Every structure is written in C-alpha cells, then in structure tokens.
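This structure is a prediction, so every number in the text was calculated from the model and none was measured.
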Amino acid sequence: MYTDTNLGKTALYDLHLSHGAKMVPFGNYNMPVQYSDLSVGESHAWTREKCSLFDVGHMVQYHVDGPGAEAFLESVTPVGAGELEPGQGSLSALLHPKTGGIVDDCIITRLESGPKHLFYLVTNAGCRDKDYEFLCKAIENWDHTMNPVVHLRHLQYDGEPYGLIALQGPLAAEIMQNSLAKECKVDISRWYFGRAKHITLALPSGESLPIVASRGGYTGEDGFELSIHPSQTVAVTEALLNSAGKDKLRMAGLGARDSLRLEAGMCLYGHDLDDTTTPVEAGLSWIVPKHRRSLEGSGFNGAETIIPQLTTKAKGGTGVSRRRVGLVVEGAPAREGVEVLDAEGTVIGKVTSGCPSPTLKKNIAMAYVKDGSHKAGTELQVLVRGKKRKATVTKMPFVASKFWKGGITPG
Amino acid sequence: MNTKVPAAMLARSFTSWEKKYTQDHEWIELSSDGKTGTIGISTYAATALGDVVYVELPQIDTELGAGDALGAVESVKSASDILTPVSGKVVKVNEVLEETPATINKSPEGDGWIAQIEIADEGDMNGLMSASEYKDFTEKAEGD
C-alpha cells in the first residue's frame, strides 16, 4: 500500500507548495487539488474565462518506435496509426484481447514517419503499472511472431521523467504566442486541435530545449499540453506564469480539472471506463476509424467483440446492452455509484461520475444505462439519499467545446 | 435565604446563551425557553467543505432521533450528512439555503443556520462541547 511518504512527486512539487497548494494523493503521486488563491469553483471559472496551468506530470509518457511501431500500435489499439501524419494525434484506447475491454484510454501522436516511425503515447497515472505490464507483454508476444522490431521507452532523461503541463483556457493561445522564443517561428493561429509541434519558449537563460506541444487538453477549452525536458520543467512553468501574469494565468489543480472534464463530457478511467467497458458501450465508437471496421484483416485486440457491437441486433450485429450517457439531475447532485432508474422505478444503470456544474449551475453526471434508455431527452430518475430525483439524458459535452479548428476568417 | 437553584435550571439558562458543538461539527443553539434548538454546521466544517453548492433540507414535521441525518451539505467534490445532536421534530428550515447555499460559507454559525428542532429530550444536550472545548477538539484534530 502506498502511504503519504511513498507517493511520487513531480518536478513542480515545491512550486505547488510555494503557491499555497493543498496536496492530495492521486495515481500514487502527491498532486495539488487546489491553491490558496482560488476555491475549486473559482479555479474552474478562471479556466473557462482566462487560462489555467495544470501539472499533469503524474501521467505516463512513452515513445514507441521502430519499423514495427505502426503495426504494433494498430494491434493493441484501434488507432489508424498508418493514417496519422507527423504531428497528428488522436484519442485511443489500449484494449484487452478477445473482450475488447479498455485497459486505459490514451493519446497517440505520430512524431516521425518511416523508417523510424516515432510515436508519442500518453496514458493515465492510475494505470501506470497495469499499462506497462500490458504493453511489455504485448511486445514480448510481438517479437515472438517475427514482426518488425518495436521499442517502448518511458520518456525520461537521466532517470527523471519528462515534465507534462497543460495550459487551458481562452487566453492559452495568446499566452503561448507571447512565451515563444524569438527563434521559434510557429504560427499559433494555424496550429489546429489534435496537432503536436516542436516549439521552444523564451527562458531567462535563453531559448528552451525543444518541447513537444499538443493542441488540446482535458477541459474542452482551447489549450496546449507541453512535454518538457526534465531539466527545464520548473523553468518552463515559471516562464509561462511570469510571461502571462496573475491576471491571465493561474495554477489549477485536480479539483477544477475534474469538474471541467465532466462538463466537457470527457471520461475518467477507473470511473467512466474500466477493463469491462468496450469503446462502443462507452460512446467512443469514433476511435475505431471506418477503414478498420471490417473483420477481415483488421486484427486489433478485441475486434471480434467490438466490430459486431457497432451494428445493432436488428441489423445483424450484437449491439450493446449498456451505453454511457450524460444526465442532468434535479435537486441533489448524483455522484458515482448512484443508481439510475427508469420512469417506473426499475434500476437500469449506475452513475459513474457526477458533480454540480459550476458553469451551468445544474447537476451533471455520466452514467451507464440499459440500451434503449439512452436517447437524449429520455426522462429517468436517480436515487440520492433514498429519494428519487428527476434525471434527463442529455447530449455531451454539457458545455460546448472550444477546440481550435481555425476559427472563421471574416470575408 | 437559603434558596438553592436547581442545577438543571442553571444549566439551561447557561446553555441558552451559547452554542454547543458536536464531534461531527454541527452546532446547536437553544431558544430562550429551551424548547427548540437551531442547528447548523460550524465555521471549521464550512471552511473544510469549501463552497457549498447544494443543501438538502429536511421536511417540516420530520421526527428524528439524536444522531439521525437531518439533511446534507454538498460541495463540488463531496456531500456530507448533517446529523441532529438532539431528538425531536423539525419545525422550521432555512429556505434561503435553497436559493443561496453559499450563505453557509458566508455565515455558517449565523444566517447559514439549517433547521430548527422542537427538542424531545433535553438530556440530549448533555455531552455536547462548549465553544472552547470544540476549539480544542478541532485543534487537536489538525495536529494529528
């Protein structure tokens, strides 16, 4: 068992304390849940109105490379790795063989094309050991079938993991633009959601080392996630904070991160996704690209279960028996574990995440419900503290996303 | 004159001036006639909870035993039951909290009161902490 003394610390631990962070254990790390200057609700609002900086260095960063990297990733996830251009990334999921259950959700980004085929993979902190065991076992099996070589490496330098921070909010682009090193000629306005670039920032000591920055995040806001050389995680973070100033950029922790991602309809592994959930049940069918949806030749883990699920029973497939939905709940917030009932009072599902939405001032939740009860507008109920409360199936995201897709240039 | 004032009467007139606290961080303040108690959560609890976003109030006329859940207070991250220190019947609830739950954070021991109970058994008041005893109790909890 991990105790407080066994928990990991990211490179920003001291920085968090100096900003008055309240630390909590998460994914076997000591992470900030909030800072003394803002309550969780205020930090949430700040992120949607200005910009917040999150330390996500507890998450696990890998490089997957080698001539076999593309095919390997296509075997353990449904990603269309062959179709990813350099700098293009996608949400995906490591899948269990046969069942197609999700081992972990992840982001896969191609950094380089052949012959090296360098991919960047980010997975959840809470699944660190499980994912590593899964990937190592898969690579072991891979080699044994005489496929082209694939290498898996944790991103680290001299034993220190690379830092990972997220800049999220409407002011993120402006802050990024103003923080770039003068030598870095990146056009932020043409840097689209889902794309990664090598950038450098201006540090007091000069140009930073190259940073792999991906446009995207876990809040639904425009933003960037920065993968930083371990020797510069603190310097880069401080440079961003100083360049933007307190009126634009504040540090934010896990408290706000959770309410933000729920408003954005994003899953949290271990709550909304687990080893028994397939992407189809989870409403993530879109991570299986069209060209990988035939049973001939496809061969990603669990394809034999997942592909039939994409077609309803009526049309000759298996469909799914449960589906992840969004709920808006009246009265008391419905939190993880709360039972979902149909209008007649029969239990038809369970809430997997829930909280009061600071932006909408309504109670929102994610739940798995029986297939057939999942259509938007369906009136259901949840049982909170022994009382039934009205719950309406609602399309997610609950709060509209603001991913940068180029904006609209006035004609 | 040798009039002895009964201890119970002394105790009652003393407690009607000051709040008493529970180990679960509720406070109760008796009315001057000792018949009803106003209940809320302590400043310590409200600070620990953070922004209160929802308050579950009891129904009027609900009969409760000492230690029963009177309602609940929720923050963004968590929900906490509020337990009544005394047995009795709910006679009034603070409806302001339905519209403005943040009142609890502004004035947890004043305007943020939660409910009033008609006390069934005065004896339930024994064993509750005074303000200074509660302060020692919370300071000890911090130190652990």
* **Interface residues of residues 337-355 of chain A facing chain B - heavy atom cut-off under 4.5 Å** => C355(A)

* Verify the neighbour count for atom CG of D111(B): are there more than 12 heavy atoms of other residues, nucleotides or ligands below 6.0 Å? => no

* To do: Could you tell me the separation between the CD atom of Q59(B) and the NZ atom of K387(A), rounded to the nearest 0.5 Å?
  => 5.5 Å

* **pair P356(A)-Y54(B): side-chain heavy atoms closer than 4.5 Å** => no

* Toward chain A, the part of V53(B) with a non-hydrogen atom under 4.5 Å -> side chain

* To do: Would you indicate whether K402(A), at its atom NZ, is surrounded by more than 12 heavy atoms from other residues, nucleotides or ligands within a distance under 6.0 Å?
  => yes

* Check A79(B) against R385(A) and note the closest heavy-atom contact, atom names and distance. => CB-NH1, 4.0 Å

* Asked: If you tally heavy-atom pairs under 4.5 Å against chain B, which of R335(A), K22(A), E42(A) wins?
  -> R335(A)

* How far apart are the closest heavy atoms of A332(A) and E74(B), and which atoms are they? -> CB-OE2, 3.9 Å

* Choice from G255(A), G41(A), G331(A) maximising heavy atom contacts with chain B below 4.5 Å -> G331(A)

* Asked: So what's closer than 4.5 Å to chain B heavy atoms on D258(A): side chain, backbone, both or neither?
  -> side chain

